[in-house]
Amino acid sequence: MSTPRRPLLLGAATLAAPFVAPGVARALQAERPIRLIVPVAPGGSQDVVARLSARALSDVLGAPVQVENMPGGGSNIGYSAAARAPADGHILLAGSDTLSITGALSTRLAFDPLGFAPVHRTVSVPQILVVRADDPAPDFAAWADRARTRPTPVGTPGNGSLAHLLVAQVGRATEGDWTHVPYRGGALAVNDLLAGSLSAVMINIGAVTGHVRDGRLRGLFVSPATRAAALPDVPTLTEIGLAPYTAVGWHGLVAPPGLDPAIAERLNAANRAGLRRPEILERLLPLGVEPQEEGPAPLAKAIREDAARYAEVVRRFAIRAD
């Protein structure tokens, strides 16, 4: 007869400490590795952040963490696999803001995108509208004025992305003739912008920080309520008079539905502790993301509040997934 699997957390006393007690670490090593499902292909910022979390968790918990990329279906293949997994702390999912959008895009999902157990919003991911550095419009106001007089193609990483929702809302609010041009990933959109095929691109800030810093692109606004640390000279939507459309993406960790909240707290503490280490921060910060020091509860609140808000945007603009 096989021995029943023990949960990740052996006792509530371990929660108070920033690192797992030796007995807990030995128990993890004696069982099986933690499996981290990443619902996107390798190489992008979500994948990189997930792999840094895997390293952080392994360093702190003393247990191996195996990353498994499961791309496809707008992340739904990976989401579905994680939703069916046991909620014992040994299966984690690299979640993102798409959890708050995907339910509005499809009513035929095999899982509840709001049903995952929150663990940690690892980083916030500002969105940014960028143009070529030689665009004659000096700021967003001038660029938006021009967009009212001519068709203006704006690229995003794909249909149904947070960038797409922002393009729809801001384009309508400014009464511009914006044409949404979806790509299968942000890199292709940026390449076309640099080549002159697009007027602008809405994308997560880490994808273009290097281009802005080296003078090839210029930021017109960032989507959060506060300026982004990676590009502090770029104004916010609030500063340019578009506060109702403020939004921010995120990458983080969630778990299969039904995870013991005490285990979620333990995993949260371990991820935060590991990500503070200089050797991990030096790889995380250049992505343009902003590490978050918070427990599981704020992530749960954000997922549900954003889902209600984004569902209305999806309905109003008849947005569909790829």
Does the side chain of [X] reach to within under 4.5 Å of the side chain of [Y], using non-hydrogen atoms?
X: P291; Y: L275; answer: no
X: L220; Y: V130; answer: no
X: L284; Y: V49; answer: yes
X: V154; Y: V201; answer: no
X: P182; Y: H180; answer: yes
X: H164; Y: F317; answer: no
X: H90; Y: R35; answer: no
X: L267; Y: L92; answer: yes

Just distance, no hydrogens or angles: give the donor-acceptor pairs under 3.5 Å from side chains in residues 121-129, sequence neighbours left out.
{"unit_1": "R121", "atom_1": "NE", "unit_2": "E294", "atom_2": "OE2", "d": "2.7"}
{"unit_1": "R121", "atom_1": "NH2", "unit_2": "E294", "atom_2": "OE1", "d": "3.4"}
{"unit_1": "R121", "atom_1": "NH2", "unit_2": "E294", "atom_2": "OE2", "d": "3.0"}
{"unit_1": "T122", "atom_1": "OG1", "unit_2": "N271", "atom_2": "ND2", "d": "3.4"}
{"unit_1": "S124", "atom_1": "OG", "unit_2": "Q292", "atom_2": "NE2", "d": "3.3"}

Can you tell me how far apart [atom1] ([X]) and [atom2] ([Y]) are? Round to the nearest 0.5 Å.
X: L36; Y: I91; atom1: CG; atom2: CD1; result: 9.5 Å
X: S106; Y: R320; atom1: OG; atom2: CZ; result: 10.0 Å
X: L193; Y: S199; atom1: CG; atom2: OG; result: 8.5 Å
X: L299; Y: D306; atom1: CG; atom2: CG; result: 9.5 Å
X: D145; Y: E175; atom1: CG; atom2: CD; result: 11.0 Å
X: L237; Y: L166; atom1: CG; atom2: CG; result: 7.0 Å

Please determine whether a side-chain nitrogen of the Lys or Arg among [X] and [Y] lies less than 4.0 Å from a carboxylate oxygen of the Asp or Glu.
X: D135; Y: R146; answer: yes
X: D59; Y: R277; answer: yes
X: E305; Y: K301; answer: yes

For residues [X] and [Y]: do they belong to one hydrophobic cluster (side chain heavy atoms under 4.5 Å, members Ile, Leu, Val, Met, Phe, Trp, Tyr)?
X: W178; Y: I240; answer: yes
X: L242; Y: V313; answer: yes
X: L281; Y: I205; answer: no
X: V212; Y: I203; answer: yes
X: V38; Y: L253; answer: yes

For the backbone of [Y] and the side chain of [X], can you confirm whether one donor and one acceptor N or O come within less than 3.5 Å of each other?
X: T98; Y: I101; answer: no
X: R148; Y: T174; answer: yes
X: S80; Y: I77; answer: no
X: Q46; Y: V40; answer: no
X: T236; Y: V222; answer: no
X: S161; Y: G158; answer: yes
X: N76; Y: Y79; answer: no
X: N268; Y: A264; answer: no
X: S75; Y: G73; answer: no

Please assess T179 against T152 for the test side-chain contact (heavy atoms from CB on, under 4.5 Å), listing each intermediate value before the final yes or no. CA-CA 6 Å; T179 301; T152 304; over 6 Å; no

Which heavy atom of [X] sits nearest a heavy atom of [Y], and at what distance?
X: V131; Y: A200; answer: CG1-CB, 3.9 Å
X: A63; Y: S58; answer: O-OG, 3.0 Å
X: D47; Y: A41; answer: CB-O, 3.8 Å
X: G43; Y: V48; answer: O-CG2, 4.0 Å
X: P256; Y: A117; answer: O-CB, 3.8 Å
X: P157; Y: G186; answer: CB-N, 3.8 Å

Residue pairs fulfilling salt bridge (Lys or Arg N to Asp or Glu O under 4.0 Å) with at least one residue in residues 210-233, sequence neighbours excluded: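 Salt bridge (Lys or Arg N to Asp or Glu O under 4.0 Å) check on residues 210-233 returns R227-E239.
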
Is a side-chain donor-acceptor pair under 3.5 Å present for N159 with R184?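 N159 and R184 do not have a side-chain donor-acceptor pair below 3.5 Å.
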
Quick one: do the D192 and Y183 side chains pair a donor with an acceptor below 3.5 Å?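 The answer is yes; a qualifying pair exists.
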
So V190 and V208, side-chain contact (heavy atoms from CB on, under 4.5 Å) or not? Walk me through it. CA-CA 8 Å; V190 172; V208 293; 3.7 Å; yes

Using side-chain contact (heavy atoms from CB on, under 4.5 Å), reason through R283 and L52 one step at a time and then give a plain yes or no. CA-CA 8 Å; R283 294 188 58 195; L52 291 175; 3.8 Å; yes

Quick one: ring-ring contact (aromatic ring centres under 6.0 Å, His included) pairs with a partner in residues 215-255, sequence neighbours left out?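 Every ring-ring contact (aromatic ring centres under 6.0 Å, His included) pair that includes a residue of residues 215-255, provided the two are not neighbours, is F140-F221.
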
Evaluate T246 against S223 for side-chain contact (heavy atoms from CB on, under 4.5 Å), listing each step before the verdict. CA-CA 5 Å; T246 294; S223 64; over 6 Å; no

Do the rings of F111 and F116 sit parallel, tilted or perpendicular, given the 30° and 60° boundaries?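 Judged by the thresholds at 30° and 60°, the geometry between F111 and F116 is tilted.
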
Looking at R304, I'd like to know if its CZ atom is crowded, meaning that more than 12 non-hydrogen atoms belonging to other residues, nucleotides or ligands lie closer than 6.0 Å.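 Atom CZ in R304 is not crowded, with 12 or fewer foreign heavy atoms closer than 6.0 Å.
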
